[in-house]
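All remarks here apply to the structure that follows.
What you are looking at is a predicted structure, and each value in this text was computed from that prediction instead of being measured. In what follows, chains are A, B, ... by sequence order, proteins preceding strands, each numbered from 1.
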2 protein chains.
Amino acid sequence: MLSIFEVLSLPARREIIERLRDGPKSVGELADELGVGQPVMSKHLRVLRDSGFVTVRADAQRRWYELRPEPLREVAEWVEPYRWMWEGRLDRLGERLDAMRDEEENR
Amino acid sequence: MLSIFEVLSLPARREIIERLRDGPKSVGELADELGVGQPVMSKHLRVLRDSGFVTVRADAQRRWYELRPEPLREVAEWVEPYRWMWEGRLDRLGERLDAMRDEEENR
DNA sequence: ACAGTATATACATTCTAGAGTATGTTAGCT
DNA sequence: AGCTAACATACTCTAGAATGTATATACTGT
């Protein structure tokens, strides 16, 4: 089974994830939108399912694929410790909060 | 050249990035810490360099590799639109801000 | 029962990243 | 100048992922 970042390493799969932001979609819809064959799309979705990015709901012959938060949350959490590097505020966050509170009290 | 997520798809490379959080390190240090051969480490660092994750500073025979924020920031930005999925607050953020302002005015 | 639709999977093929080994290169030291 | 240390790169090999094609499965409607 592919790891989360391995799953995201393929542009086509990131694209699928982005398309699913608006809500569940069927295999055929996604295949059309991305311009790939149905078997290819089924396989991508299989990978996304195994790695927890999506869930499936059966509806007659159709399968509705829906996005799941967990893996995306893991990505967000992995990158979080580096945020201070581009938002140079972490070391000053405490004093900023203090200053805001003081301003409020002295109003 | 590998894309950002392709770079992160290899655990060894994520590990390198994490080790560089404390500050710059040399090739030898990193190779020892991760228990891999020097050529392997050099190649990982080459990939990380090409994709913008690190910069190098030469110091005699030593090369000090340092972390760069940009690619990590891109990861954070990519995942940002999905944050509402696990923090179910986005739809209520507006009214929360309003409530906070009201509380403040009625103090 | 039959035909058509929607999807999954098996199979064969291609391609490339990763690893190991050997070698090249540059700098410092005696 | 010769030797060693630190690192980069060229080369070869292998494993596995991605793709396309063909086929299997499941459900609907007539």
Leu10(B) CG - dT16(C) P separation (whole Å): 18 Å
Nearest-0.5 Å distance, CD of residue Glu29(B) to CZ of residue Arg62(B): 7.5 Å
Distance, rounded to the nearest Å, where Glu6(B) contributes CD and dG16(D) contributes P: 18 Å
Under 4.0 angstrom between Tyr65(B) side-chain N/O and dA6(D) OP1 or OP2: no
Distance below 4.0 Å between Ser26(B) side-chain N/O and dA6(D) OP1 or OP2: no
Ring pair (Phe, Tyr, Trp, His ring centres under 6.0 Å) contacts touching residues 28-78 of chain A (sequence neighbours left out): Phe5(A)-Trp78(A), Trp78(A)-Tyr82(A)
Phe5(B) CZ to dA17(C) P, straight-line distance once rounded to whole Å: 18 Å
Length of the CG-P vector between Leu2(A) and dA17(C), whole Å: 16 Å
Separation of atom CH2 in Trp64(B) from atom P in dA8(D), rounded to whole Å: 13 Å
Please write out each protein N/O paired with an N/O of nucleotides 1-5 of chain D under 3.5 Å, distance rounded to 0.1 Å.
none

Rounded distance (Å) that lies between atom C1' of dA18(D) and atom CZ of Arg13(A): 9 Å
Nearest-0.5 Å distance that lies between atom CD in Glu18(A) and atom CD in Glu15(A): 5.5 Å
Single-linkage hydrophobic cluster Val27(A)~Val56(A), side-chain heavy atoms < 4.5 angstrom: yes
CE on Met41(A) to CD1 on Ile16(A), rounded to 0.5 Å: 4.0 Å
Sugar-phosphate, base or nothing in reach of Arg49(B), heavy atoms under 4.0 Å: nothing
Nearest-0.5 Å distance that lies between atom CG in Leu8(A) and atom CG in Leu8(B): 9.5 Å
Interatomic distance, Ser42(A) atom OG to Arg49(A) atom CZ [nearest 0.5 angstrom]: 10.5 Å
Close approaches to DNA chain D from residues 29-48 of chain B, in residue order (heavy atom, under 4.0 Å): Gln38(B), Pro39(B), Ser42(B), Lys43(B), Arg46(B)
Arg63(A) or Ala12(A), whichever maps to the more 5' nucleotide of DNA chain D: Ala12(A)
Single-linkage hydrophobic cluster, 4.5 Å side-chain cutoff, Val79(A) and Met85(A) together: yes
From CZ (Arg63(A)) to CG (Leu30(A)), nearest 0.5 Å: 14.5 Å
d(NZ, Lys25(A); P, dT7(C)) in whole Å: 14 Å
